[in-house]
2 protein chains.
Amino acid sequence: MAKAKQKAPRREDSLSRERIVDAAIDLLDEVGAEGLTFRELASRLSTGAGAIYWHVDGKDTLLAAATDAIVTRAISELGALGAARVAIRKIGVCVFDVIDAHPWVSAELARGPWGSAALQIFEQLGRQLEKLGVREKVRFTAASTLVGYVIGVSSQNAANARLFDPPVDRTTVLALEAKRWKNLDADAYPFTRSVASALETHDDRAEFVAGIDLVLGGIAASI
Amino acid sequence: MAKAKQKAPRREDSLSRERIVDAAIDLLDEVGAEGLTFRELASRLSTGAGAIYWHVDGKDTLLAAATDAIVTRAISELGALGAARVAIRKIGVCVFDVIDAHPWVSAELARGPWGSAALQIFEQLGRQLEKLGVREKVRFTAASTLVGYVIGVSSQNAANARLFDPPVDRTTVLALEAKRWKNLDADAYPFTRSVASALETHDDRAEFVAGIDLVLGGIAASI
DNA sequence: ACCTGAACACCGTTCAAGT
DNA sequence: ACCTGAACACCGTTCAAGT
């Protein structure tokens with residue numbers, strides 16, 4: 001009675017932008033960005049490939065919409081954040097986990113100009129920097145740096161996890177990578193070889209948070 | 001006389017992995033990763049599309065090889081680096097400029113596991129951190145953080161520069177982006193709106209270096 | 001060993017035709 | 001207004017056939 005929808009769907013199972021995006025997310029999670037096909041998507045929605053184009057502009061738009069949906073959902077579920085420094089860690093880890101669970105998101109997040117998803121992350125981190133008392137002049141730089149770090153490192157982490165065929169567990173991947181690093185040319189890669197063993201006992205998430213703290217330390221030092 | 005090549009090319013203009021990679025780089029710079037086509041590449045090399053497969057495994061390998069070539073070249077041209085802190089800025093700016101000039105590199109750099117290109121950047125930055133006196137325990141974290149920041153922010157910057165059709169100059173792009181930020185919803189994006197004007201007079205490279213200094217400040221604070 | 005180019009198995013996107 | 005599905009203009013990759 002209360003609210004009259006602007007556009008009431010005619011049938012429960014009729015096509016809609018929302019249903020298309022949801023199906024795309026499922027498909028992306030299963031097969032990645034390359035596997036997202038209009039034919040497969042259409043077949044899952046029991047319709048023709050062309051029908052999707054009535055609701056969505058094309059594949060790029062669809063990918064952007066899927067990314068926005070995922071990031072918006074994750075950020076809205078953050079809840080109470082607490083003190084600024086803790087909040088920044090939470091937001092960072094939220095992005096990290098989103099990209100870890102949906103690796104295809106990172107390619108979209110990197111594609112500029114910033115869409116809704118990247119702007120939401122920027123906004124959330126920026127607010128906490130204000131609370132932290134960062135001077136107005138450096139707020140922009142600080143927020144950009146944090147966003148760049150958070151998205152950049154999360155993406156790299158997700159990328160490292162992929163592309164072992166067949167997929168193997170974390171510790172095995174790290175052991176293999178460490179071995180690869182140790183076998184690098186001694187003259188060309190002395191540093192990489194020297195930290196290779198650190199890779200074996202490496203906890204991606206903890207390392208990621210440690211990096212946030214490093215950036216926060218730098219921000220604190222510049223007031 | 002001195003050095004006998006293992007594999008002497010038969011004719012000056014015969015196909016080789018090197019020539020293919022060079023042609024691919026040219027094509028990538030002109031039309032981007034999506035425009036890199038084996039048919040076009042073959043036609044530029046005056047050969048058939050299939051011929052390329054005798055020298056290169058496929059498109060992914062070709063993209064990786066092109067990225068490695070570009071990054072290796074840029075890093076080898078760095079020359080004398082000077083004091084550690086200055087050197088780190090130089091390396092960072094080098095990556096920034098490479099990605100700015102060859103935006104397609106960023107997608108490859110983000111794709112894991114780290115290839116030769118990413119490892120070279122990691123190695124270079126790591127060596128300087130050693131010189132800086134960073135404790136062994138935090139060296140790995142510090143280097144990872146720096147690499148993540150440098151590649152992540154450089155990629156985002158390059159992405160922001162693209163995708164205006166037709167391409168417009170820097171200041172116009174920034175003015176348009178600033179306007180977009182100012183028109184965001186006041187309740188949802190208070191912070192982003194408040195820093196929008198900073199975007200207008202924004203110097204990407206300077207901002208990027210400022211971010212490096214922020215990270216370096218954090219590293220210095222943790223010994 | 002190295003190259004050719006037609007052929008295969010796909011794509012995203014469009015569009016006349018339907019309801 | 002919304003959907004259908006064949007058709008178009010591409011792709012990356014393979015492979016028999018050539019030199």
Side-chain angles (χ1 to χ4, degrees), chain A residues 4-28 30-67 104 107-108 111 162-163 165, chain B residues 4-28 30-67 104 107-108 111 162-163 165:
Chain A
K5 283 272 185 69
Q6 309 268 37
K7 257 192 183 183
R10 296 202 302 202
R11 294 179 326 208
E12 189 53 39
D13 64 338
S14 76
L15 220 49
S16 71
R17 195 182 155 96
E18 203 188 349
R19 278 192 66 222
I20 293 171
V21 171
D22 283 343
I25 289 173
D26 288 342
L27 189 49
L28 283 163
E30 289 171 34
V31 293
E34 286 172 18
L36 175 64
T37 280
F38 274 70
R39 283 165 176 76
E40 173 63 20
L41 198 55
S43 114
R44 288 187 178 206
L45 293 164
S46 317
T47 183
I52 298 171
Y53 282 86
W54 200 91
H55 299 275
V56 185
D57 266 355
K59 193 174 181 180
D60 289 343
T61 312
L62 185 53
L63 270 165
T67 302
W104 48 272
E108 268 309 295
R111 184 140 54 205
R162 276 175 298 188
L163 281 200
D165 206 29
Chain B
K5 281 275 187 65
Q6 309 267 37
K7 255 192 186 183
R10 295 200 302 200
R11 295 176 327 203
E12 190 51 42
D13 63 337
S14 76
L15 221 49
S16 71
R17 196 184 155 95
E18 203 188 349
R19 278 193 65 222
I20 293 172
V21 171
D22 282 344
I25 290 173
D26 287 342
L27 189 49
L28 283 163
E30 289 171 35
V31 295
E34 289 173 17
L36 175 64
T37 280
F38 274 71
R39 282 165 177 76
E40 173 63 18
L41 197 55
S43 114
R44 289 187 177 207
L45 293 164
S46 317
T47 183
I52 299 171
Y53 283 87
W54 199 91
H55 300 273
V56 185
D57 265 355
K59 191 173 182 179
D60 289 344
T61 311
L62 185 53
L63 269 166
T67 301
W104 48 272
E108 268 310 295
R111 182 139 55 206
R162 276 175 300 188
L163 282 200
D165 207 28

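Order of the sequence lines sets the chain letters (A, B, ...), proteins ahead of strands, with each chain counted from 1.
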- request: Under 4.0 Å between any heavy atoms, over every strand shown, what does B:L36 touch: base, sugar-phosphate, or nothing? Just pick one.
  value: sugar-phosphate

Exercise: identify the closest heavy-atom pair between [X] and [Y]:
X	Y	answer
B:A65	B:V21	CB-CG2, 3.9 Å
B:R111	B:L63	NH2-CD1, 4.3 Å
A:L36	A:V31	N-CG2, 4.1 Å
B:A66	B:I25	CB-CG1, 3.8 Å

Choosing from [options], which nucleotide comes nearest the side chain of [X]?
X	options	result
A:W54	D:dC2, D:dG12, C:dT13	D:dC2
A:S14	D:dC3, D:dT13, C:dT13	D:dC3
B:A51	D:dC3, C:dC3, D:dA7	C:dC3
A:R39	D:dT13, D:dA7, C:dC3	D:dA7
B:T37	D:dC11, C:dT13, D:dT13	D:dC11

Expressed as a whole number of angstroms, how long is the span from [X]:[atom1] to [N]:[atom2]?
X	N	atom1	atom2	result
B:F38	C:dA6	CZ	P	18 Å
A:I52	D:dG5	CD1	P	13 Å
A:E40	C:dG12	CD	P	11 Å
A:E34	D:dG12	CD	C1'	11 Å
A:R17	D:dA1	CZ	P	18 Å

- prompt: What stems, by residue range, does DNA chain D take part in, given at least 3 consecutive Watson-Crick or G-U pairs under 3.5 Å?
  reply: C:4-8 with D:12-16, C:12-16 with D:4-8

field: Qualifying residues under side-chain contact (heavy atoms from CB on, under 4.5 Å), relative to B:A107, sequence neighbours excluded
entry: none

query: Can you name the side-chain contact (heavy atoms from CB on, under 4.5 Å) partners of B:A64, sequence neighbours left out?
result: B:E108

Residues which pass salt bridge (charged side-chain N to carboxylate O under 4.0 Å, His left out) with A:R44, listed by chain and number, not counting sequence neighbours: A:E30, A:E40

message: Given 3.5 Å as the limit, does a donor-acceptor pair link the side chain of A:R19 with the main chain of A:S14, or not?
response: yes

message: Listing request: all salt bridge (Lys or Arg N to Asp or Glu O under 4.0 Å) pairs with a residue in residues 47-66 of chain B, at least two apart in sequence or in separate chains.
response: none

- prompt: Heavy atom of residues 56-66 of chain B under 4.0 Å from DNA chain D: which residues?
  reply: B:G58, B:K59

field: Phosphate OP1/OP2 of C:dA1: any B:H55 side-chain N/O under 4.0 Å
entry: no

